[in-house]
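Read the structure below first, then the notes.
Worth knowing before you read on, the calculation uses all heavy atoms, side chains too, and leaves out hydrogens, waters and symmetry mates. Just follow the structure's listing: the first ligand is 1, and inside any ligand the first atom is 1.
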Amino acid sequence: MLERTLAIIKPDGVRSRIIGEIIRCYEQGGLTPIAIRSTQLTKEQAKDFYQVHRDQPFFDDLTSFMSSGLIVVLALEGEGAILRHRDLMGATDPSKAAEGTIRKAFGSSIDCNVVHGSDALETAGKEIEFFFSDDDLYSQIE
Ligand code: CMP
């Protein structure tokens with residue numbers, strides 16, 4: 001099924017100047033960026049985006065990190081895009097991620113793990129809406 005998912009290149013990825021390499025992984029992995037923008041989240045926006053994790057002990061560190069610098073946000077489209085993107089990213093903890101994945105190649109810790117990706121269809125819709133309006137999305141999905 002043709003799906004959309006949200007990807008975020010986190011502040012560590014932008015600081016390491018690997019935006020191009022990550023987008024190349026997406027393109028070679030069959031995912032088409034249908035919208036891209038750079039932004040810096042405020043702490044409040046980061047808390048809002050990651051509200052599902054609000055009761056986790058890592059919530060404050062996560063939202064501080066995610067608001068610490070520029071991020072690049074992409075809406076990706078492709079066959080089975082959600083799972084495909086998760087496969088390309090690898091496990092949340094880079095030390096447990098498979099060889100050849102983005103997090104294995106570029107991640108340095110569970111906090112600095114370079115990329116975020118939506119975990120399910122419903123989440124993907126909400127996360128894409130968080131950053132993009134319908135007019136931003138050039139889509140092959142009617
Ligand atoms: P991400 O996919 O952006 O979703 C939530 C983030 O919380 C996750 O990547 C990690 O960077 C971060 N995080 C920090 N500690 C943990 C943990 N113990 N389990 C899951 N995610 C964690």
Amino acids in close contact with ligand 1, where any non-hydrogen atom sits under 4.0 angstrom away: Lys10, Tyr50, His53, Phe58, Leu62, Thr92, Arg103, Ile110, Asp111, Asn113, His116
Cluster link Val114 to Val73, ILVMFWY, side chain under 4.5 Å: no
From Ser109 atom OG to Asp12 atom CG, the distance as rounded to the nearest 0.5 Å: 7.5 Å
ring-ring contact (aromatic ring centres under 6.0 Å, His included) pairs, two or more places apart, involving residues 82-122: Tyr26-His85, Phe49-His116, Tyr50-His116
NZ/NE/NH1/NH2 to OD/OE distance under 4.0 Å, Glu21 and Arg24: no
Pair Glu127-Ser118, side-chain donor/acceptor within less than 3.5 Å: yes
Salt bridge Arg54-Asp48, side-chain N to carboxylate O under 4.0 Å: no
